[in-house]
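Working notes, beginning with the structure itself.
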Amino acid sequence: MNRLLSQLNRWLDKRGEAVWLQRTTSGTNVRAEVPAIVRALTAEQLIGNITQQSLFIIISPTHLFDGKQWPGGFTPVAQTFGIIAPTDPRFPRTSDAIFVRGPQRTLTNIKPVFDRGECIRIELSCTG
C-alpha cells in the first residue's frame, strides 16, 4: 500500500468524521459510511457559484471500497492493488448523494488524487 494512503487511513481512523455516500441503482439505495476530513471552504475558495454552504471533503478509497457494498449492483474486477484509473466506476459521481453533518447534500465535484499510478485519496465538494 502506498505510504501516503497509509498515512491518510491512520489519520481518518483516529479523527475522521462519519459521512454517508448514497447511490441509487435499479431503484435500490446503497449507502456506505466512511470516515472523512470535512472542511468549510475558505474565503479564497468562495468564487463564482461556490457558496459558504459548500464543503470540501477528503475520503480514502480504502475505506470506501473495503468491505462495503459500494457502489451496489456492480462487482468490481478483483485487483491485488489499489485503483489505478480515474474512470473506475466505483468512484463517487455527481449523481450520488452525500450526507454530511445530518442533511443530504449534492456532490458538485469529485477529484481522485493519484500518486505513482495509485489512488491515494478522493476529494469531494458538496453544497446544500
Side-chain angles (χ1 to χ4, degrees):
M1 179 181 289
N2 184 297
R3 179 181 58 83
L4 297 172
L5 179 57
S6 296
Q7 288 175 345
L8 176 63
N9 288 340
R10 283 192 303 275
W11 195 93
L12 288 171
D13 287 339
K14 289 180 185 176
R15 299 187 183 120
E17 179 178 337
V19 301
W20 291 263
L21 283 166
Q22 179 175 294
R23 178 174 292 172
T24 302
T25 56
S26 304
T28 304
N29 289 331
V30 178
R31 263 193 185 185
E33 179 181 351
V34 294
I37 299 168
V38 180
R39 300 281 184 260
L41 296 179
T42 63
E44 293 81 23
Q45 295 170 312
L46 297 174
I47 57 173
N49 62 352
I50 299 174
T51 67
Q52 290 182 340
Q53 294 179 337
S54 298
L55 296 173
F56 177 72
I57 300 166
I58 297 175
I59 61 174
S60 167
T62 305
H63 290 111
L64 184 59
F65 307 135
D66 217 17
K68 306 281 190 288
Q69 293 298 315
W70 182 262
F74 173 77
T75 305
V77 177
Q79 296 180 348
T80 57
F81 47 87
I83 296 171
I84 59 169
T87 57
D88 192 305
R90 296 175 292 171
F91 281 121
R93 304 174 185 154
T94 54
S95 59
D96 296 336
I98 188 165
F99 293 82
V100 182
R101 299 175 181 166
Q104 178 177 333
R105 300 173 190 266
T106 304
L107 287 170
T108 55
N109 191 22
I110 294 97
K111 179 183 168 193
V113 177
F114 290 84
D115 178 57
R116 299 180 189 195
E118 181 180 2
C119 182
I120 58 168
R121 72 178 179 262
I122 304 168
E123 298 178 351
L124 309 168
S125 297
C126 68
T127 60

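- Separation of atoms CD1 (Ile37) and CZ (Arg121) is listed at 8.5 Å; rounding is to 0.5 Å.
- Between Arg23 and Phe91 the shortest heavy-atom distance is NH2-O, 2.9 Å.
- Under the 4.5 Å side-chain contact rule for hydrophobic residues, Ile110 and Val100 share a cluster.
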_Chi angles and distances behind the side chain to side chain contact (heavy atoms under 4.5 Å, CB included) call for Leu8, Leu4_ = CA-CA 6 Å; Leu8 176 63; Leu4 297 172; over 6 Å; no
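- Rounding to the nearest 0.5 Å gives a distance of 11.0 Å between CG of Asn109 and OG1 of Thr127.
- Between His63 and Asp13 the shortest side-chain heavy-atom distance falls below 4.5 Å.
- Looking at heavy atoms from C-beta onward, Arg90 lies out of side-chain contact with Leu64 at the 4.5 angstrom threshold.
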*Verify side chain to side chain contact (heavy atoms under 4.5 Å, CB included) between Leu21 and Ile59, making sure each step is shown before the conclusion.*
CA-CA 11 Å; Leu21 283 166; Ile59 61 174; 3.9 Å; yes
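- Listed for the Arg105 side chain is a donor-acceptor partner under 3.5 Å among the backbone atoms of Gly128.
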*Check step by step if side chain to side chain contact (heavy atoms under 4.5 Å, CB included) holds for Arg39 and Ile58.*
CA-CA 9 Å; Arg39 300 281 184 260; Ile58 297 175; over 6 Å; no
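- Expressed to the nearest 0.5 Å, how far CG of Asn2 lies from OG1 of Thr62 amounts to 9.5 Å.
- Of all the heavy atoms in Pro35 and Gly16, the pair that sits closest is CB-CA, 4.1 Å.
- A pairwise comparison of heavy atoms in Cys119 and Pro112 identifies SG-CB, 4.2 Å as the closest pair.
- Rounding to the nearest 0.5 Å gives a distance of 11.5 Å between CZ of Arg10 and OG of Ser60.
- Side-chain contact check for Ile122 versus Pro92: some heavy-atom pair is nearer than 4.5 Å.
- Within a 6.0 Å sphere centred on CZ of Arg101, heavy atoms belonging to other residues, nucleotides or ligands number more than 12.
- Distance check: Leu5 CG to Gln7 CD gives 10.0 Å after rounding to the nearest 0.5 Å.
- For the atom pair CG of Leu107 and CD of Gln22, the computed distance is 11.0 Å after rounding to the nearest 0.5 Å.
- Note: the hydrophobic cluster containing Val38 also contains Val34 (ILVMFWY, side chain heavy atoms under 4.5 Å, direct or indirect links).
- Looking at Ser125, its side chain never comes within 3.5 Å of a backbone N or O of Thr108 through a donor-acceptor pair.
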